[in-house]
Protein chains: 2
Amino acid sequence: MREPVPIHRIVVEARELFREYGYEGASMRDLADRVGLRPQSLYTRFSSKESLVREVLALTLDDTLAGLPDPATDWRAAWRTLIERIAGTFEARGRCVGLHLAYGVTAQTPDARDAVRAFFARLRDAMVGILEAGTISEPASVAADTLAQLEGATLWITTEGDMEPLRHAVERALRIGDQEGRPM
Amino acid sequence: MREPVPIHRIVVEARELFREYGYEGASMRDLADRVGLRPQSLYTRFSSKESLVREVLALTLDDTLAGLPDPATDWRAAWRTLIERIAGTFEARGRCVGLHLAYGVTAQTPDARDAVRAFFARLRDAMVGILEAGTISEPASVAADTLAQLEGATLWITTEGDMEPLRHAVERALRIGDQEGRPM
DNA sequence: GTCTATATTGAGATAGAC
DNA sequence: GTCTATCTCAATATAGAC
């Protein structure tokens with residue numbers, strides 16, 4: 001009798017594969033190899049490869065938002081922590097699993113597509129909540145723009161290993177609210 | 001005797017497939033169906049699926065840069081035309097084939113990876129040339145940041161159909177040089 | 001929960017006729 | 001340049017024993 005592989009471990013490894021290889025490029029075989037199982041055994045834990053997308057993004061959203069400083073107490077601390085968590089992952093891993101999946105899921109995988117949409121909507125909504133606590137004007141627009149700028153900067157990490165655009169995006173994000181009304 | 005399929009047509013269709021489905025998700029079978037050939041026939045025109053990446057990106061770079069206004073004469077016209085070409089494609093197609101390939105090519109496809117690197121480097125260099133004609137400070141940094149912001153905005157087009165972040169990125173790009181020294 | 005065995009499908013690619 | 005025929009491999013997924 002061997003120890004069952006913890007489900008959390010499987011999802012973490014699936015995330016690495018989706019981030020690096022995308023939805024189509026990641027295989028159940030590769031995932032099985034990483035966790036020391038036969039590919040068939042994964043199907044007793046997950047009904048399909050597609051269903052893994054929701055699990056991966058739920059874990060990622062939790063990693064990103066869990067234990068943030070309370071925006072009502074110190075919105076700047078909450079904002080800074082969130083931005084640095086996102087950017088920190090991009091620096092460490094070189095790219096964003098959510099963006100790779102956003103581009104990679106299609107009409108053939110509607111459940112995965114819905115999970116991706118929900119992931120980014122919730123992330124943006126969390127950002128909006130923080131910006132509202134800081135009485136930033138047009139928080140929905142600022143949140144979407146900020147996330148887009150962080151995501152876009154991963155282009156240069158993945159192609160050239162250049163972190164500068166990401167750092168610039170972080171600096172712009174952290175300057176939000178310094179002087180309301182300043183053109184961005 | 002039937003008319004041979006023009007090679008340009010094959011590359012254009014391959015671009016559509018790579019943009020929508022990524023490198024792994026696009027198949028030679030799908031491409032053959034689109035151009036009315038058997039999959040095997042594609043191999044008399046292209047040595048491999050991987051080699052299509054370079055063709056697709058060469059065509060895209062040409063589409064993007066051909067016939068731009070001369071920066072030496074009117075750098076703002078050149079800049080505006082270039083930004084609007086890039087953003088126009090993103091609006092029309094919903095996403096960027098270069099970004100999808102940047103995330104999708106791996107160490108297993110080194111030639112494709114190199115083609116992607118070269119594509120973005122040349123695009124950035126073209127932007128740098130225009131900004132230099134406008135005596136914009138730190139042109140390399142501004143070019144990379146601008147392209148990153150346009151690319152990142154496609155996240156919201158692909159997930160929610162929201163064009164606003166892209167339009168904001170365009171507005172920021174077109175404001176470059178309005179007053180040198182202004183914080184971005 | 002994991003295994004062996006297997007089904008099914010589709011991928012990229014090559015050989016040789018026309 | 002395109003075709004038919006074929007090769008080889010890997011993908012997702014299921015059935016049933018332990």
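Lettering follows sequence order; numbering is per chain, from 1. What you see below is based on every heavy atom in this structure, not just the backbone, and it leaves out hydrogens, waters and symmetry mates.
A search for side chain to side chain contact (heavy atoms under 4.5 Å, CB included) contacts involving B/Pro69 returns B/Ala77, B/Ala78, B/Thr81, not counting sequence neighbours. Residues satisfying the side chain to side chain donor-acceptor pair (under 3.5 Å) test with B/Asp111, not counting sequence neighbours, are B/Arg54. Evaluation of the side chain to side chain contact (heavy atoms under 4.5 Å, CB included) rule for A/Thr146 yields A/Trp79, A/Ile83, A/Met127, A/Val142, A/Leu150, A/Ala173, A/Ile176 as partners, not counting sequence neighbours. Legend: residues meeting side chain to side chain contact (heavy atoms under 4.5 Å, CB included) with A/Arg45, ordered by chain and number and at least two apart, are A/Val5, A/Ile7, A/Ile10. Under the rule for a side chain to side chain donor-acceptor pair (under 3.5 Å), the partners of B/Asp70 that lie at least two apart in sequence or sit in another chain are B/Thr73. Considering only residues two or more places apart in sequence or on other chains, A/Arg93 meets the side chain to side chain donor-acceptor pair (under 3.5 Å) condition with A/Glu16. Applying the side chain to side chain contact (heavy atoms under 4.5 Å, CB included) test to A/Ala121 and every residue at least two apart in sequence or in another chain returns A/Arg124, B/Glu160.
The stretch residues 47-59 of chain A touches DNA chain D through A/Ser48, A/Lys49, each having a heavy atom within less than 4.0 Å of the strand. Annotation: proximity of residues 97-110 of chain A to DNA chain C (heavy atom, distance under 4.0 Å) is found for no residue.
Each ring pair (Phe, Tyr, Trp, His ring centres under 6.0 Å) pair with one or both residues in residues 118-170 of chain A, not counting sequence neighbours, would appear here, but there are none. Sorted by first then second residue, the salt bridge (charged side-chain N to carboxylate O under 4.0 Å, His left out) pairs that include residues 28-44 of chain B, not counting sequence neighbours, are B/Glu13-B/Arg34.
The interatomic distance linking B/Glu24 (CD) with C/dG10 (P) rounds to 17 Å, in whole Å. The distance from atom CZ of B/Phe46 to atom P of D/dG1 is 10 Å, rounded to the nearest whole Å. To the nearest angstrom, P of D/dC9 lies 17 Å from CG of A/Asp30. In this structure, B/Tyr43 atom OH and C/dT14 atom P are separated by 8 Å, rounded to whole Å.
Here B/Ala26 lies in heavy-atom contact (under 4.0 Å) with sugar-phosphate atoms only.
Ring geometry, A/Tyr103 versus B/His100: the interplanar angle exceeds 60°, so the pair is classed perpendicular (tilted spans 30 to 60°).
Within the model, atoms CZ of A/Arg80 and CZ of A/Arg76 stand 8.0 Å from one another, a figure rounded to the nearest 0.5 Å.
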Q. Tell me, for nucleotides 2-8 of chain C in 5' to 3' order, what letter each nucleotide earns: B for a base near a protein heavy atom under 4.0 Å, S for only sugar-phosphate near one, - for neither?
A. BBBBB--
